[in-house]
Q: 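Dropping a structure here in structure tokens format, bear with me for questions.
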Amino acid sequence: MDYKNASLPIERRVEDLLARMTVEEKIGQLIQPFGWKAYTRSDDGTIRVTDEFKQQLAEGGIGSLYGTLRVDPWTEVTLENGLSPREGAEAVNVIQRYAIEHSRLGIPILFGEECSHGHMAIGATVFPVPLTIGSTWNPELFRSMCRAVAAETRSQGGAATYSPVLDVVRDPRWGRTEETFGEDPHLVAEFAVAAVQGLQGDRLDAEDSLLATLKHFAGYGASEGGRNGAPVHMGLRELHEIDLLPFRKAVEAGAQSVMTAYNEIDGVPCTSSRYLLHDVLREAWGFDGFVITDCGAIDMLKSGHNTAASGEEAAAQALTAGVDMEMSGSMFQVYLRQALEQGHITEDDLNTAVGRVLAMKFRLGLFDRPYTDPERAEKVIGCEEHIELTRRVAAEGIVLLKNEGNVLPLNPKTGKIAVIGPNANAPYNQLGDYTSPQPPGQIITVLEGIRRYIGEDADSRVLYAPGCRIQGDSREGFSHALACAAEADVIVMAIGGSSARDFGEGTIDLRTGASVVTGLAQSDMECGEGIDRSTLHLMGVQLELLQEIHKLGKPVVVVYINGRPITEPWIDEHIPAILEAWYPGQEGGSAIADILFGDVNPSGRLTLTIPKEVGQLPINYNAKRTRGKRYLETDLEPRYPFGYGLSYTDFHYGNLNVEPAVIPADGSAAVRIVVTNSGPRDGAEVVQLYVSDLAASVTRPEKALKAFSKVFLKAGESREVTFTVGPEQLELIGPDMKAVVEPGEFRIRVGPDSKRGEAVNLRVEG
């Protein structure tokens with residue numbers, strides 16, 4: 001049988017296998033049941049496949065399994081009944097072996113896992129969320145992180161990940177803001193390329209490579225009112241210039257899988273958009289991988305979008321548009337055969353989708369090496385190298401928003417430090433959504449990070465009180481928090497939000513800070529998938545607690561731990577030092593301590609514009625010139641601009657020049673600037689280049705990020721930073737919807753953020 005011959009071209013193997021398959025077997029390759037329901041583990045540790053899995057396999061097969069190793073409240077898999085790194089690999093092998101040995105053709109299963117910021121399995125390293133990662137402005141570091149995530153996931157048999165998220169955020173009230181890299185398409189595109197290169201490696205069939213799935217295609221981050229899955233209102237020009245750019249760059253980098261978005265664009269659901277999935281993705285960009293839906297997206301065509309009157313029509317709409325696999329739904333499984341019999345689809349349509357899925361399995365090496373090594377999983381998952389890496393990513397992603405009077409860095413010899421707030425010692429609150437349950441001691445909280453930094457005197461010098469919860473109006477913890485603050489020389493307030501789901505960890509006694517086991521679920525979740533908000537204020541009584549502590553007249557440092565921007569004018573005006581950590585992952589507390597005490601000079605920069613108040617939204621930095629003037633109550637200036645972030649040292653920009661100053665439309669110029677660390681400490685600066693098209697045939701953004709470089713400079717050191725500006729940085733989508741570089745004047749500005757910098761003009765001649 002040719003399809004089993006590894007020496008033959010993949011195209012020939014696919015052709016041979018397709019010719020041998022029945023319609024039921026073909027449809028089976030396009031479905032993806034929940035993987036955690038495919039196995040059971042007995043009391044003696046023996047892992048067996050379930051009867052449900054056996055039945056589905058016998059009825060035509062299973063192409064893929066979703067989240068076999070996923071552990072969270074949704075799956076109802078816990079630390080107690082879940083699998084260790086070694087057991088996870090063994091379970092995948094058991095399932096894979098049964099599928100191969102008990103099916104007619106022995107087609108292996110593709111195991112797909114969630115790995116947005118680490119594999120969602122027990123023991124896997126929990127990295128910072130993408131919003132923190134974006135704030136590093138360091139794609140190379142992210143590439144290294146993706147290599148680690150790929151190694152951990154593939155070591156357990158996971159061959160595909162449903163990441164990276166490439167949505168460009170328009171409204172940060174959206175609960176999934178934390179899963180994105182930010183509001184700028186160029187920056188998101190740079191991280192998209194790094195993700196594909198890091199996850200997929202040099203070849204997909206390697207033991208440390210993982211199939212990257214770009215999501216959500218497309219426009220998902222531009223939903224109406226920031227509501228998850230709501231309609232998207234935009235024209236084709238904006239769609240191509242903003243939302244599709246990161247996807248195009250990722251496809252050019254070799255991405256082999258794409259996930260459709262739940263939303264509609266101008267009345268057409270993305271899951272049934274032939275324009276997106278065929279005309280753009282395959283015809284224009286040359287994509288040759290396969291397309292998978294988001295969970296339940298095809299069902300929405302019938303019950304939600306209502307573009308289909310029946311299940312058969314919904315399945316047919318998705319398949320003929322270009323969908324190749326349904327994630328964890330039942331529409332393909334139940335209705336695709338009937339859609340074929342009723343003439344909604346042809347067998348050629350079916351063969352096209354199945355062929356793409358099979359080709360991917362061959363590329364991943366699943367036919368030739370279907371099993372994984374449990375010993376390797378035990379060594380790789382959660383290893384020390386990866387723990388150090390997550391600490392570095394967190395430290396580089398923390399943004400210093402304010403440091404009035406040089407309150408920071410703190411002197412390690414400072415007498416007593418009070419660590420106060422609902423996020424001071426709440427492990428899950430600093431991890432973000434799409435996180436598995438964690439064993440005790442795995443997560444370094446802010447309190448623990450500071451205690452470890454202080455060392456042997458920590459018991460007497462570090463005081464702790466939660467003060468209040470993220471949500472709720474209980475003030476019963478105020479008195480204890482105020483007593484700790486009154487005794488301290490400096491106060492670190494860890495406040496913000498939470499994307500933590502209910503892991504059954506009990507709650508916190510606000511009067512003592514002790515953990516309390518209770519049968520009552522008390523979720524503080526105010527961010528994450530499906531958790532959209534109408535405001536950006538702190539919830540509960542957090543602000544009131546901070547205001548009471550401020551009255552003591554002690555130095556106060558606010559550390560935000562959250563998944564979207566916070567708008568609290570009182571804090572910005574009254575608190576001298578503010579750190580934005582987003583969700584910094586399992587080593588977040590150590591990274592925050594490194595910043596607080598100056599072992600690490602903060603180098604994170606904002607990838608979202610932070611408004612003064614929610615009524616300013618949308619307030620993206622790259623707005624059009626015709627955005628309007630101002631509101632009656634306030635102007636359009638943000639609290640903190642895109643690209644902003646402070647350091648413990650100072651950087652000076654000078655000697656900006658562009659050469660040549662006049663170029664043809666297909667030419668390029670070198671932009672050079674000298675950056676000097678003029679302050680007292682070594683540090684890293686993010687040098688940012690923005691382009692303004694001064695006059696064009698269509699309206700343009702006031703400014704647009706087109707290049708950046710993170711450079712480390714010792715105190716007193718200078719370095720010339722060079723950027724290339726050419727067609728890619730200057731082009732626009734013209735009146736005919738084609739990319740073009742138009743003659744005219746462009747202003748090139750280089751500086752530390754989107755508001756400040758040195759400027760020079762560049763002229764393009766036709």
Side-chain angles (χ1 to χ4, degrees), residues 128 132-144 181-182 184 186-187 190-191 194 392-404 406 408-409 577-582 591 594-596 598-610 621 640-658 670-691 703-725 729 748-760:
T132 310
I133 294 163
S135 298
T136 69
W137 292 65
N138 191 341
E140 285 296 326
L141 180 61
F142 181 49
R143 185 179 290 107
S144 298
F181 299 110
D184 179 77
H186 173 76
L187 182 136
E190 290 291 304
F191 281 93
R392 182 185 168 192
V393 174
E396 284 206 29
I398 294 170
V399 183
L400 178 60
L401 295 178
K402 187 178 180 183
N403 194 21
E404 193 175 85
N406 293 323
L408 294 176
I578 305 172
L579 285 178
E580 176 57 84
W582 307 119
D594 290 339
I595 297 285
L596 289 174
D599 283 16
V600 173
N601 194 343
S603 63
R605 302 293 183 263
L606 293 176
T607 62
L608 293 171
T609 303
I610 298 183
Y621 89 94
Y640 300 107
F642 175 86
Y644 173 84
L646 301 176
S647 170
Y648 295 152
T649 191
D650 300 304
F651 297 97
H652 173 76
Y653 288 72
N655 301 325
L656 175 65
N657 70 87
V658 57
V671 177
R672 297 182 175 87
I673 194 165
V674 175
V675 183
T676 302
N677 182 345
S678 56
R681 291 172 175 261
D682 299 347
E685 173 70 331
V686 178
V687 186
Q688 304 165 39
L689 182 147
Y690 296 85
V691 173
K703 64 178 76 74
L705 179 73
K706 293 297 180 180
F708 60 89
S709 178
K710 191 167 193 176
V711 294
F712 179 84
L713 298 172
K714 293 183 178 181
E717 182 183 1
S718 296
R719 184 179 305 172
E720 184 177 75
V721 178
T722 303
F723 299 104
T724 299
V725 174
Q729 290 73 36
I748 311 297
R749 192 167 53 76
V750 182
D753 57 52
S754 60
K755 285 289 186 182
R756 300 174 292 162
E758 304 289 316
V760 64

Q: When rounded to the nearest 0.5 angstrom, what is the spacing between CG in Asn657 and CD1 in Ile748?
A: 12.0 Å

Q: After noting the C-alpha distance and the side-chain angles of Arg605 and Glu685, does the key distance pass the salt bridge (charged side-chain N to carboxylate O under 4.0 Å, His left out) rule?
A: CA-CA 9 Å; Arg605 302 293 183 263; Glu685 173 70 331; 2.9 Å; yes

Q: Go through the structure and list residues passing side-chain contact (heavy atoms from CB on, under 4.5 Å) with Thr724, not counting sequence neighbours.
A: Ser668

Q: Counting C-beta onward and ignoring hydrogens, is there a side-chain heavy-atom pair between Val687 and Val750 closer than 4.5 Å?
A: yes

Q: Quick one: salt bridge (Lys or Arg N to Asp or Glu O under 4.0 Å) partners of Glu717, sequence neighbours excluded?
A: Arg719

Q: If we only count heavy atoms from C-beta on, is the Pro139 to Phe181 side-chain gap below 4.5 Å?
A: no

Q: Measuring only between side-chain heavy atoms, which start at C-beta, is Leu579 closer than 4.5 Å to Leu596?
A: yes

Q: Is any side-chain heavy atom of Leu689 less than 4.5 Å from a side-chain heavy atom of Ile673?
A: no

Q: So Val393 and Ile133, side-chain contact (heavy atoms from CB on, under 4.5 Å) or not? Walk me through it.
A: CA-CA 7 Å; Val393 174; Ile133 294 163; 4.0 Å; yes

Q: Do the non-hydrogen side-chain atoms of Val675 and Tyr653 ever get within less than 4.5 Å of each other?
A: yes

Q: What heavy-atom pair brings Val686 and Ser603 nearest, and what distance separates the two atoms?
A: CG2-O, 3.9 Å

Q: For residues Leu713 and Thr676, determine if any side-chain heavy atom of one lies less than 4.5 Å from a side-chain heavy atom of the other.
A: no

Q: If you define the side chain from C-beta out and look only at heavy atoms, does anything of Ile578 sit under 4.5 Å from Tyr640?
A: yes

Q: Work out which heavy atom in Lys706 is nearest to a heavy atom in Gln729; give both atom names and the distance.
A: CE-O, 3.4 Å

Q: Where do Glu580 and Trp582 land on the side-chain contact (heavy atoms from CB on, under 4.5 Å) test, with the steps shown first?
A: CA-CA 6 Å; Glu580 176 57 84; Trp582 307 119; 3.4 Å; yes

Q: If every non-hydrogen atom of Lys755 is compared with every non-hydrogen atom of Pro641, which pair is closest and at what distance?
A: CG-CB, 3.5 Å

Q: Using the rule side-chain contact (heavy atoms from CB on, under 4.5 Å), only one of Thr649, Asp682, Asn677 pairs with Lys714; which is it?
A: Asp682

Q: Would you say the side chains of Ser647 and Asn601 form a donor-acceptor pair under 3.5 Å?
A: yes

Q: For the residue pair Val399 and Gly645, what are the closest heavy atoms and their distance?
A: CG1-CA, 3.9 Å

Q: Report the C-alpha distance between Asp184 and Thr607 in whole Å, list the side-chain angles of each, state the deciding distance to 0.1 Å, and finish with yes or no for side-chain contact (heavy atoms from CB on, under 4.5 Å).
A: CA-CA 7 Å; Asp184 179 77; Thr607 62; over 6 Å; no

Q: Which of these passes side chain to side chain donor-acceptor pair (under 3.5 Å) with Asn138: Glu396, Glu190, Arg143?
A: Glu396

Q: Do Tyr621 and Leu705 have side chains that approach each other closer than 4.5 Å (heavy atoms only, starting at C-beta)?
A: yes

Q: Answer yes or no: is there a donor N or O on one side and an acceptor on the other, between the side chain of Gln688 and the main chain of Pro752, under 3.5 Å?
A: yes

Q: Are Ile595 and Tyr648 close enough, and set up right, to give a side-chain contact (heavy atoms from CB on, under 4.5 Å), and what steps lead you there?
A: CA-CA 10 Å; Ile595 297 285; Tyr648 295 152; 3.7 Å; yes

Q: If the condition is salt bridge (Lys or Arg N to Asp or Glu O under 4.0 Å), which residues does Arg681 pass it with, not counting sequence neighbours?
A: none

Q: Hey, what do you get for CZ (Phe708) to CG (Leu187), rounding to the nearest 0.5 Å?
A: 4.5 Å

Q: Have a look at Trp137 and tell me which of Phe142, Phe642, Tyr644 forms a ring pair (Phe, Tyr, Trp, His ring centres under 6.0 Å) with it.
A: Phe642

Q: Among Asp594, Thr136, Val600, Leu141, find the one that has a side-chain contact (heavy atoms from CB on, under 4.5 Å) with Arg392.
A: Leu141

